[in-house]
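Let me begin by presenting the structure, written as structure tokens, before commenting on it.
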Amino acid sequence: MIKCIEFMNEQGMLLENEYLQAVILPNRGGKAASLFCKETKMEILFQNPKGKYEEASLGSDFSKFEACGFDEAFPNVDAEVLEWNGRRLNYPDHGEIWSSAFIAEASEGQIKLTYFSKEFQYRYEKTFSLDGKRLNCSYKIVNTGRTELPCIWTMHCLVNTTPKMQLIFPPDTERVQNVFDCALLDKAETIYAFPEDRINGKSYRFDRMPGRDMVKYYVAGAVQKGYCGYDYPETNTSVRILYDEKKLPYLGCWITEGGYRGDKNCALEPCTGYYDSIGTAKRLMGSVPVLRPGIPFEFSVAIEAGCLKKN
């Protein structure tokens with residue numbers, strides 16, 4: 001079922017079946033603002049703490065607006081200026097998608113959203129649908145310009161946290177790499193053993209909540225399987241993110257337990273490029289993804305939510 005609703009002063013679109021409810025906001029980056037699991041009566045996505053959305057524009061400072069729900073960072077995460085093949089590219093904070101309005105169409109149980117970038121010359125399409133306990137998200141990005149576009153796509157899906165929740169990483173994850181200097185994880189680019197290592201004389205679990213501050217780290221190198229998620233024992237809820245690891249080979253993890261603006265949320269972030277910045281990805285990995293003219297980049301992500309399985 002699809003119907004139009006009002007959600008936090010925004011015009012939204014509700015997708016619903018017997019297991020899930022999802023609210024999509026076309027004018028706010030086409031984000032999924034809510035994903036409610038009926039089985040466990042849990043809201044999965046971190047909600048807008050302001051209670052309403054403020055008007056952002058391309059190039060706005062991301063930190064001054066609503067970091068909530070599920071959207072995407074594209075064509076970048078960190079703001080930077082890049083010279084590429086004689087072209088000066090000015091990448092805005094967290095990319096263009098979050099602050100952009102999408103054209104929305106609903107038909108046959110699907111919501112299709114489309115955005116055209118004038119600055120970077122690409123067409124961005126995404127489609128939401130429900131299939132049982134899964135929210136399916138399909139993407140098609142086409143470079144409509146004449147030259148290749150260096151870019152990173154990142155799943156920016158902020159979920160609610162609980163003290164006992166467990167982060168589920170891809171199988172065979174052995175090491176993680178810290179993104180920025182912080183009290184908990186020390187220096188940027190430091191590599192640690194997963195799931196546990198000693199940092200400044202104290203044990204740290206990378207698959208648990210830190211209990212304070214904010215951290216971000218990446219699985220070191222490409223993942224072996226497109227599988228990650230969260231277990232919430234307090235609400236008996238399991239959430240899994242399923243995707244093609246060949247299309248999205250890297251995985252970041254963001255957690256704030258009050259360290260960022262007082263927000264409490266986290267996000268496992270499958271992505272096409274390593275370490276948030278196009279320049280840093282090139283430096284650390286020796287290359288950066290590019291979107292070639294006229295060749296579609298197509299992929300999908302599924303979020304599955306339901307009851308925890310008993311051992």
Side-chain angles (χ1 to χ4, degrees), residues 46 59-68 71-82 90-95 97-98 150-159 161 167 169-170 173-223 228 230 248-289:
F46 178 68
S60 290
D61 181 350
F62 180 80
S63 68
K64 295 180 179 178
F65 292 85
E66 304 82 12
C68 58
D71 51 26
E72 306 88 36
F74 185 83
N76 62 293
V77 181
D78 288 348
E80 63 182 315
V81 178
L82 189 68
N90 189 359
Y91 294 91
D93 187 13
H94 279 71
I97 301 304
W98 70 274
C151 56
I152 293 175
W153 184 94
T154 301
M155 182 179 181
H156 191 239
C157 184
L158 299 170
V159 303
T161 63
L167 306 177
F169 282 78
T173 299
E174 296 180 347
R175 302 182 305 158
V176 296
Q177 187 168 20
N178 186 28
V179 169
F180 53 77
D181 294 349
C182 67
L184 287 176
L185 299 186
D186 207 7
K187 297 295 182 182
E189 300 188 19
T190 303
I191 293 180
Y192 297 106
F194 178 89
E196 186 173 7
D197 207 338
R198 294 193 68 80
I199 304 171
N200 296 324
K202 297 181 180 180
S203 178
Y204 187 92
R205 287 291 301 248
F206 290 94
D207 58 350
R208 297 292 192 273
M209 292 294 99
R212 60 188 175 92
D213 298 336
M214 61 180 179
V215 296
K216 186 165 188 180
Y217 43 90
Y218 273 76
V219 174
V223 303
C228 61
Y230 316 92
L248 305 173
Y250 304 108
L251 180 66
C253 178
W254 156 263
I255 305 172
T256 174
E257 293 204 276
Y260 179 69
R261 308 187 316 188
D263 292 352
K264 293 185 178 182
N265 58 58
C266 69
L268 288 165
E269 301 180 339
C271 54
T272 61
Y274 195 69
Y275 218 79
D276 286 7
S277 160
I278 292 170
T280 305
K282 186 177 181 181
R283 175 171 61 83
L284 290 179
M285 306 305 290
S287 63
V288 67

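Residue numbers count from 1 along this sequence.
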remark   = To the nearest 0.5 Å, atom OG of S277 lies from atom CZ of R283 at 8.5 Å
task = Work out which heavy atom in C228 is nearest to a heavy atom in P170; give both atom names and the distance.
result = CB-CD, 4.3 Å
task = Measure the shortest side-chain to side-chain distance between I278 and I152 over non-hydrogen atoms and say whether it is less than 4.5 angstrom.
result = yes
key: Under 3.5 Å: donor-acceptor pair, side chain of W98, backbone of D93   = yes
ask   = Of all residues at least two apart in sequence or in a different chain, which pass the salt bridge (charged side-chain N to carboxylate O under 4.0 Å, His left out) check with E174?
value = none
query = So, the side chain of N178 versus the backbone of L185: is there a donor-acceptor pair under 3.5 Å, distance only?
reply = yes
key: For D276, side-chain contact (heavy atoms from CB on, under 4.5 Å) partners two or more places apart   = V77, D78, V179, K216, Y218
query = Where do S60 and F65 come nearest, in terms of heavy atoms and distance?
reply = CB-CE1, 3.6 Å
inquiry  = Measuring only between side-chain heavy atoms, which start at C-beta, is R175 closer than 4.5 Å to F194?
reply    = no
inquiry  = If you define the side chain from C-beta out and look only at heavy atoms, does anything of Y275 sit under 4.5 Å from E189?
reply    = yes
message = Nearest 0.5 Å, please: how far is CG in N76 from CG in L82?
response = 10.0 Å
ask   = Between G258 and K264, which heavy-atom pair has the shortest distance, and what is it?
value = N-CG, 3.8 Å
query = Is there a donor-acceptor pair under 3.5 Å between the side chain of E80 and the backbone N or O of G279?
reply = yes
key: Output field: ring centroids F74/H94 closer than 6.0 Å   = no
query = Do the side chains of M155 and D71 get nearer than 4.5 Å, heavy atoms only?
reply = no
key: Reported SG-to-CG distance for the pair C68 and L158, which is rounded to 0.5 angstrom   = 7.5 Å
message = What I'd like to find out is whether the side chain of I255 reaches to under 4.5 Å of the side chain of L167, using heavy atoms alone.
response = yes
key: Residue pairs fulfilling side chain to side chain donor-acceptor pair (under 3.5 Å) with at least one residue in residues 249-258, sequence neighbours excluded   = W254-N265
ask   = Do T154 side-chain atoms and C271 backbone N/O form a donor-acceptor pair below 3.5 Å?
value = no
remark   = Scanning both residues in full, the closest heavy-atom pair of V288 with P150 reads CG1-CB, 4.4 Å
task = Mind checking the SG-CE spacing from C182 to M214? Nearest 0.5 Å is all I need.
result = 8.0 Å
task = For R208, look at atom CZ and say whether over 12 heavy atoms of other residues, nucleotides or ligands are found less than 6.0 Å away.
result = yes
key: Min side-chain heavy-atom separation V159-F46 under 4.5 Å   = no
query = Does any non-hydrogen side-chain atom of E196 lie less than 4.5 Å from one of R205?
reply = yes
query = Under a 4.5 Å cut-off applied to non-hydrogen side-chain atoms, are Y260 and S63 in contact?
reply = yes
note = Rounding to 0.5 Å, atoms OG1 (T272) and CH2 (W153) come to a distance of 8.5 Å
ask   = Does F206 have any ring pair (Phe, Tyr, Trp, His ring centres under 6.0 Å) partners at least two apart in sequence or in another chain, and if so, which?
value = Y192, Y204, Y217
inquiry  = For T161, is there any backbone N or O sitting under 3.5 Å from a side-chain donor or acceptor partner on Y230?
reply    = no
message = Using every non-hydrogen atom in the two residues, find where P195 and D207 come nearest and quote the distance to one decimal.
response = CB-OD2, 3.9 Å
task = Please report the shortest heavy-atom distance between Y274 and A220, naming the atom on each side.
result = OH-CA, 3.5 Å
ask   = If you measure from CD1 on I97 to CD on E72, what distance do you get to the nearest 0.5 Å?
value = 6.5 Å
remark   = side-chain contact (heavy atoms from CB on, under 4.5 Å) filter on D181, not counting sequence neighbours, yields K187, A188
key: Those residues that, when tested against R212, pass side-chain contact (heavy atoms from CB on, under 4.5 Å) (two or more places apart)   = L184
